[in-house]
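Worksheet for the structure shown next.
All values derive from a computational prediction rather than experimental measurement. Numbers for residues simply follow the sequence, beginning at 1.
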Amino acid sequence: MKRKSVVDEMIKTLDLSLILAGAAGKSRGRKWVDEAFALLEDVLGDMTAVTTAAAGGAKKGNDDEQEGERPQKKRRLSSPPNTKDEVVKGINDSWQNTPSFSTIEPFTPPVKNPIPRVSAESLSIEAFQSHFAKPRPDGSPGPAPLIITGLVDHWPALTTHPWNKPAYLLSRTLFGRRLVPVEVGRSYVDEGWGQKIVSFGEFLSKYIDASIPYTASSSNVSPFFSSSSSAQPQLSCSDTQIAYLAQHPLFLQLPRLRQDILIPDLCYTAPPSHPTDPSQDQPELDSPQLNAWFGPPGTITPLHTDPYHNLLVQVVGRKYVRLYGPEQTGRMRPRGKEGGVEMGNTSQVDVGVVERWDKLEGEDREEVKQGDEGGREDNEMDWEEDFKKVPFVDCILEPGDTLYIPIGWWHYVRGLSVSFSAESLSLLALSAACVAVLANTFQGDGYPLIASLALGGLAFSATFSMIRWLGPTFMRAGLKGVDMSKHHKRELPECMGAIAAIVYLLAVIVFIPFPFYKDIVAATSGGGNRDVVMHVEHVQEGRFLHRFPHGKLASYLSAVMALQSISLLGIGDDLFDIRWRHKFFIPAFASIPLLVVYFVDFGVTSVVIPLPLQPYLGELFNLGALYYVYMASVAIFSPNSINILAGINGIEVTQSIVIALLLAFNDCLYLLTPYPHPATDSHLFSLYFLLPFLGVSFALLWHNWYPARVFVGDTYCYFAGMVFVVVSILGHFSKTLILLLIPQIFNFVYSVPQLFGLVPCPRHRLPRFNARTGLLEPSVTPWTPERQPKPPVAWALKTLDKVKLVRVTLDEEGRFVETSNFTILNLWLVWRGPLREDRLAMEITGMQVVVGLFGLFVRHRLALILFKQDNLGV
């Protein structure tokens, strides 16, 4: 007894360290605690082996032997197992024939609007993903709830290790000695609700099933595994108290139970954002989060909403679930702060009381049924009648059912019988398998374009993962910012564009051997049967080293140098917040390697003169050094233009992706001609840099799109703009890039009044968030009576207001009160009116696509009006 008391105290101390203190962290204390519990299992196995062996020997002795006498020493053929392993195995397997939990249901609510059911056999991951985009029957936004049958039929918890048997659960909790936190009360919003820590065996015996004869001080564990008991399982022995093991990370505390469930593949899909308020979205989790709910009939989870998409898996018993769509949030009567705790995700509505399934405090059920409302206020009764008209869907979950609960849906859960369920919170898990494709490119002639595409896939995977892993690290280092255009202004990791830039640089460096593979094989030693046959007159000239494309390699390396330089300068800006007048010329320094190689390798500084001017200026006009000034100006403008068109989630990345895709499309026009085009190599060079860029940009967009989980920082804007400069200068189509940057050029020209001080310019000109409507409105620059615009500026502002290019507010005396800020985002809101943030981003991106396509049309079709031919037709 003394030995067992010591063991119980050890278990208590260890479990309290897990429940109350988190075991001093996952990497330190938890590992030690888990090892300690493994040793305790061995100790209890020894104790049980001795007890069981002795009991078995006594039972097999002669009837004439008196109690307390030693058993016979003669060995019997049918002797019981006496080794520890045999005994423990017998104990662990003894639950096979034990009773299950009671299935009695004191009350079963009617199902009025059943949720559709679908078999897991007919629901692939692709089909489940498409369900997210499927419109709901009533046309409301977001996906609809769905019950999936057969999804978890293979779980051990439902088959070989059945959770519906109390004996099995006790065998996985050190025979019921493990401690668990439970909620005492019908619901956590009820009066008198509380929490306590009890042993798992006491929880089962006192609150779940009175037929479980658990005694904390008893050393005999055999009653938990008895298969000869004829007692009928009973409901909870407590009529006045209900206890619920709810939303506790039970599987972290009891890893042996975690082994009985498997995470469904459906958790690794890409669910949509909150359909009505994406600001409620939470950062993606590193792995699915698992919680457990275990309780007797009558346990209730009140009407509430969760910030994630949920998969609610019913393992034992049955539950009634009712759900209300996110568009009904205004009618759910969310709670506010209560006792300093934010309860805004929980409704004030008690569904059980409204439906007359439960009674109010001090109210008799029979009186309720007969219509006596117990003196409740008339306005409360009117509100309840209105709530009954709110549309909902409901269901009863059977063991093995999985309910998909979309984000934002309010749900009420009621235990009908003894029930045990687990919830998996879905998230995206991404992996790219491009290494094999990359290796196969060496089987032929190198296929550099395929290699670049494969590296783009790997860059996507690496960027996506590293952003998730390093986000918290950036936050701890102080690299964080506040997302201003949201109801809940959360801090997010910043400078994530630096991760994209570094991964991109590594990708283009790794790519270096691929475009020169054939040249390396043919022009260096070790080529084997790929060595070329040389004529005798060339033997003294080496192995064709003079034919290696040194110019192309120099161009490629100069591009890498320029991108490295701009990335370092961008990171410096993110760290030290360099002022605009100082950082404006930063890209010019990064472009020096490009301009030097262009001068040495190409050196063309002439431009073609339009046909109407050729009689006066000739067909070509040599700009000389001015051409390098022009290219340096492009290098300065492109990165800064991306940085200026910013201020809402995702806009920096989406505009960059659109420009990159249009440049890639332009490259393909030259590669897909029916004849070998002279500019093929230049446009292949462009694609080699654009494909990995698209890979890292799409990964960054995934995290930066509304509602953003990260901010890109200035590094990405610089690096993205320099990628366009690199491909356009070394690919010899810088004028095409200018046509694709028309929205950015307009934004810069439109911003000139504020950039040059004609109109006051605040440090941040992002659109203003209206917390009441949740929409973005044009941000404004205030004017004071003492500070009014000069007459020419005032006349210009009023003229722009008349043509809807700015919004001006005047007072009764005609003085300026405020003017909208001069950015294309604010101008768009002046034209379109208030918009949600993601809607604004999508419309600006759509405008970028349309203008970009028109720019390519001008380049390859309308240009023929002014020039003899388009070089696409050369």
Legend entry - Check against side chain to side chain contact (heavy atoms under 4.5 Å, CB included), V723 and V726: CA-CA 5 Å; V723 169; V726 163; 5.7 Å; no
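- A side-chain donor from one of T781 and Q754 sits under 3.5 Å from a side-chain acceptor of the other.
- Under the 3.5 Å distance criterion, the side-chain polar atoms of S461 are left unmatched by any main-chain donor or acceptor of L458.
- Atom CG of L479 and atom CG of L492 lie 13.0 Å apart (nearest 0.5 Å).
- With hydrogens and angles disregarded, a donor-acceptor distance shorter than 3.5 Å links the side chain of Q655 to the backbone of L645.
- Defined by atom type and a distance below 3.5 Å, a donor-acceptor pair is missing between the side-chain atoms of S779 and R765.
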Legend entry - Steps toward side chain to side chain contact (heavy atoms under 4.5 Å, CB included) verdict (M496, H703): CA-CA 9 Å; M496 290 293 105; H703 296 86; over 6 Å; no
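- In this structure the side chain of S682 never reaches within 4.5 angstrom of the side chain of L730, judged on heavy atoms.
- With S591 contributing its side chain and A632 its backbone, the two residues share no donor-acceptor pair below 3.5 Å.
- Residues M722 and P587 form a side-chain contact, since some pair of their non-hydrogen atoms from C-beta on lies under 4.5 Å apart.
- For S452 against L687, the heavy-atom pair with the smallest separation is OG-O, 3.8 Å.
- Between F514 and F511, the two ring planes are parallel [angle under 30°; tilted spans 30° to 60°].
- Ring to ring, F460 and F698 are not that close: their centroids are 6.0 angstrom or more apart.
- Residues meeting the side chain to side chain contact (heavy atoms under 4.5 Å, CB included) test with R836, sequence neighbours left out: P278, Y706, L775, D838, R839.
- The closest donor-acceptor contact from the side chain of S465 to the backbone of A462 lies at 3.5 Å or more, if one exists at all.
- Looking at heavy atoms from C-beta onward, W705 lies out of side-chain contact with S273 at the 4.5 angstrom threshold.
- Ring geometry for F689 versus Y504: interplanar angle of 30 to 60°, hence tilted.
- Nearest heavy-atom pair across I571 and A498 is CG1-CB, 4.0 Å.
- How far NE2 of H732 is from CG of D681: 10.0 Å, rounded to the nearest 0.5 Å.
- Looking at I512 and L557, their side chains come closer than 4.5 Å, going by heavy atoms from C-beta outward.
- In this structure, S638 contributes its side chain and V634 its backbone to no donor-acceptor pair below 3.5 Å.
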Inset, instruction - Take F724 and F693 through the test ring-ring contact (aromatic ring centres under 6.0 Å, His included) and record every step on the way to the result. - result: CA-CA 10 Å; F724 305 146; F693 173 76; 5.6 Å; yes
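- Side-chain contact between L684 and P448: absent, with no pair of heavy atoms (C-beta onward) separated by less than 4.5 Å.
- Looking only at atom types and distance, the side chain of E818 has no donor-acceptor partner in the side chain of W783 under 3.5 Å away.
- Inspection of the Y598 and S558 side chains reveals no N or O donor paired with an N or O acceptor under 3.5 Å.
- L825 is not listed as a side-chain neighbour of L766, based on a closest heavy-atom distance of 4.5 Å or more.
- Ring pair F685/Y556 is perpendicular by interplanar angle, where above 60° counts as perpendicular and below 30° as parallel.
- With values rounded to the nearest 0.5 angstrom, S555 atom OG is found 9.0 Å from L594 atom CG.
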Got a list of side-chain donor-acceptor pairs under 3.5 Å for residues 845-854, not counting sequence neighbours?
{"from": "T845", "atom 1": "OG1", "to": "T654", "atom 2": "OG1", "distance (Å)": "3.2"}
{"from": "T845", "atom 1": "OG1", "to": "A841", "atom 2": "O", "distance (Å)": "2.7"}
{"from": "Q848", "atom 1": "OE1", "to": "Q744", "atom 2": "NE2", "distance (Å)": "2.8"}
{"from": "Q848", "atom 1": "NE2", "to": "L740", "atom 2": "O", "distance (Å)": "3.2"}
{"from": "Q848", "atom 1": "NE2", "to": "Q744", "atom 2": "OE1", "distance (Å)": "3.3"}

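- The minimum heavy-atom distance between S751 and I644, with the atom names listed, is OG-CG2, 4.5 Å.
- Within the 4.5 Å cutoff, the side chain of P767 has heavy atoms near those of the I648 side chain.
- Under the 3.5 Å distance criterion, the side-chain polar atoms of H309 are matched with a main-chain donor or acceptor of P272.
- Comment: R768 engages E777 in a salt bridge, judged by a side-chain N to carboxylate O separation of less than 4.0 angstrom.
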Legend entry - T819 and V780: CA distance, side-chain angles, deciding distance, side chain to side chain contact (heavy atoms under 4.5 Å, CB included) verdict: CA-CA 5 Å; T819 54; V780 298; over 6 Å; no
Inset, instruction - Check the pair V759 / F822 against side chain to side chain contact (heavy atoms under 4.5 Å, CB included), numbers first and verdict last. - result: CA-CA 9 Å; V759 175; F822 287 79; 4.2 Å; yes
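- Distance check: C717 SG to D573 CG gives 9.5 Å after rounding to the nearest 0.5 Å.
- A donor and an acceptor atom, one from each side chain of D574 and T715, are located under 3.5 Å apart.
- For S697 and Y716, the side-chain atoms include at least one donor-acceptor pair closer than 3.5 Å.
- Taking all atoms of both residues into account, the shortest heavy-atom contact from G497 to L700 is CA-CD2, 4.1 Å.
- At a threshold of 4.5 Å between non-hydrogen side-chain atoms, the residues I407 and P275 count as touching.
- The two residues P593 and A562 make their nearest non-hydrogen contact at CG-N, 4.4 Å.
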Inset, instruction - Before giving the answer on side chain to side chain donor-acceptor pair (under 3.5 Å), spell out for S734 and Y630 the whole-Å C-alpha distance, their side-chain angles and the decisive distance to 0.1 Å. - result: CA-CA 10 Å; S734 58; Y630 152 73; 2.8 Å; yes
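- The CD1 atom of I636 lies 8.5 Å from the CZ atom of F589; values are rounded to the nearest 0.5 Å.
- A side-chain donor-acceptor contact under 3.5 Å links N704 to the backbone of V710.
- To the nearest 0.5 angstrom, F719 atom CZ is 14.5 Å from L569 atom CG.
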